[in-house]
Number of protein chains: 2
Amino acid sequence: MSAGRQRRKGLAPMDGNKKQAIQEDTAARLRAAGLRPTRPRVALASLLLGRGHRHLTAETLHAEAAKAGVRVSLATVYNALHQFTEAGLLRQVVVDAARSYFDTNTGEHQHFFCEDDGRLIDIPGDAIAVSHVPAPPRGMAVRRVDVVVRIKRG
Amino acid sequence: MSAGRQRRKGLAPMDGNKKQAIQEDTAARLRAAGLRPTRPRVALASLLLGRGHRHLTAETLHAEAAKAGVRVSLATVYNALHQFTEAGLLRQVVVDAARSYFDTNTGEHQHFFCEDDGRLIDIPGDAIAVSHVPAPPRGMAVRRVDVVVRIKRG
DNA sequence: ATTTGTGCAAATCGTTTGCATCTGA
DNA sequence: TCAGATGCAAACGATTTGCACAAAT
C-alpha cells in the first residue's frame with residue numbers, strides 16, 4: 001500500500017484513491033479466479049465489474065477502455081472477455097449472429113432482445129419460468145436454459 | 001410412398017420421377033411465396049423441404065447440393081436461405097455466435113443445442129412452456145420467445 | 001529467470017456485395 | 001424482351017492467432 005503513482009501518460013479518469021481501491025479489489029477477484037492480475041486485465045475487469053450489471057460487446061468495452069484512458073488492443077479485450085467468461089466472471093449471451101454480447105450478471109436471469117437497436121434488457125430469474133423442459137437425450141446433461149424474448153418497436 | 005429409398009451418399013440422387021414431382025411441388029411453393037422458381041432455388045428448396053424437418057447451415061446445404069449434383073455458389077445458397085426465411089419457408093435459429101442455423105420447421109417449437117457437436121434437436125412447441133413472460137417495455141411488441149436448452153455430454 | 005500475457009498486424013471465418021452474364025416469364 | 005437471378009471473386013466485419021516484446025511471480 002504505497003502512495004498513488006501514476007506512470008500513465010494518458011489522463012486521470014477518476015479519483016486516484018477510489019480507483020486504486022477498485023483495482024485492488026479487482027486484482028483479488030482475478031487472482032481468486034486463477035487469472036494473473038495484469039494491468040490490462042485489472043483495468044478491463046474494473047470497468048466491467050465496477051459499476052453494476054451491464055451488457056457489452058468487445059467493441060463496446062474496447063471503446064470504453066480507450067475513453068477511460070486505458071489503451072489495450074482489441075485482441076486483448078477479446079482474450080480477456082473469454083478468460084473472464086471461462087472463469088465465471090461473465091456470461092456470454094447469444095442473441096444475434098452478428099455480435100457476441102457479454103453480461104456481467106452471472107446470476108440466473110433471461111433477456112429481452114430489442115431487434116431494432118440490438119439492446120439487451122435483463123429479465124430477473126424469478127420473473128420468468130420455463131416449465132416442462134423435456135429430458136435431454138440419453139447421456140446428456142442440461143447446462144443451461146436460455147430464454148430470449150425478441151421484441152420490436154410497434 | 002414409393003419403393004426405393006436410398007440413404008447413400010454417392011450420386012444418383014433419387015428416382016427421376018419422384019424427383020421431378022418434388023421439384024414441381026417445390027416450384028409451386030416458391031411461386032406461392034412470391035419467389036421466382038429458378039433452377040438453383042428449386043434445387044435448394046427441394047433439398048430443404050423434401051425430406052422432413054432439418055437444421056442446417058449454409059455450408060451444410062451447399063455441400064448437400066454439391067453432393068446431389070447441383071452446383072450453386074455459396075453466395076446463392078446464402079441468398080436463397082435468406083429469401084426463404086423472409087418468405088416464411090424457413091426459420092433462422094441463433095444459438096451459436098459462429099454459425100447461422102436454419103430450420104425447416106417453421107411451426108412453434110424450441111431447441112436443444114448440443115454444445116459438444118453443435119447439433120440441434122427440436123422440442124415440440126407443446127412440450128415446453130414459458131410462463132410469466134414480463135411485459136415488454138413501452139411501445140415494444142414481443143415478436144417471439146426463443147428457448148434454447150443447452151446440453152452437454154455427461 | 002521463467003512463465004505468462006500483451007500488442008500489433010496479418011490471417012481466418014462466415015457472410016455479403018458489385019457487377020457482368022444468364023434466364024425465366 | 002427484360003426485370004430479376006446467378007456466379008465469381010473481391011470486400012467485409014467480427015474474431016483469432018503468430019510472434020517479438022513486456023510484465024508478473
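Side chains included, hydrogens not; waters and symmetry mates left out as well; all remaining heavy atoms used. Here is how names work: the chains are called A, B, and so on, in the same order as the sequence lines, proteins then strands, and each is numbered from 1.
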Grab the [atom1]-[atom2] distance between [X] and [N] for me, whole Å please.
| X | N | atom1 | atom2 | value |
| --- | --- | --- | --- | --- |
| B/R41 | C/dT23 | CZ | P | 15 Å |
| B/L74 | C/dT17 | CG | P | 14 Å |
| B/N79 | C/dC19 | CG | P | 16 Å |
| B/R31 | D/dA5 | CZ | P | 12 Å |
| B/E59 | C/dT12 | CD | P | 16 Å |
| B/R36 | D/dA3 | CZ | P | 10 Å |
| B/Q83 | C/dT16 | CD | C1' | 13 Å |
| B/R39 | C/dA25 | CZ | P | 13 Å |

Original post:
So, B/D122 versus B/H55: side-chain donor-acceptor pair below 3.5 Å or not?
Top reply: yes
**OP:** Could you list by number each residue of residues 86-104 of chain A showing a heavy-atom separation from DNA chain C of less than 4.0 Å, or answer none if no residue does?
**Re:**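 Per residue number, the list is empty: none.
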Subject >> A/R29 with A/E24: basic N within carboxylate O range, under 4.0 Å >> reply: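 No, this pair does not count.
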Subject >> Aromatic ring pairing A/H82/A/Y78, orientation class (parallel under 30°, perpendicular over 60°, tilted between) >> reply: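 Ring orientation of A/H82 relative to A/Y78: tilted.
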Using OP1 and OP2 only, check whether a side-chain N or O of [X] sits under 4.0 Å from [N].
| X | N | answer |
| --- | --- | --- |
| B/T38 | D/dG4 | no |
| B/T76 | D/dG7 | yes |
| A/Y78 | D/dT15 | yes |

Subject >> A/E108 CD: over 12 foreign heavy atoms closer than 6.0 Å >> reply: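 It does not: A/E108 CD has 12 such atoms or fewer within range.
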Subject >> Exceeds 12 heavy-atom contacts within 6.0 angstrom, atom CZ of B/R144 >> reply: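 Yes.
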**OP:** Using a heavy-atom cut-off of under 4.0 Å over every strand shown, decide if B/H62 touches base, sugar-phosphate, or nothing.
**Re:**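 Nothing, no nucleic acid heavy atom in range.
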Subject >> Earlier contact from the 5' end, DNA chain D, for A/H82 and A/P37 >> reply: A/H82
**OP:** Spell out, as yes or no, whether a donor-acceptor pair under 3.5 Å connects the side chain of B/T106 to the backbone of B/L89.
**Re:** no
Subject >> Check against side-chain contact (heavy atoms from CB on, under 4.5 Å), A/R99 and A/E59 >> reply: CA-CA 10 Å; A/R99 287 186 276 282; A/E59 299 265 348; over 6 Å; no
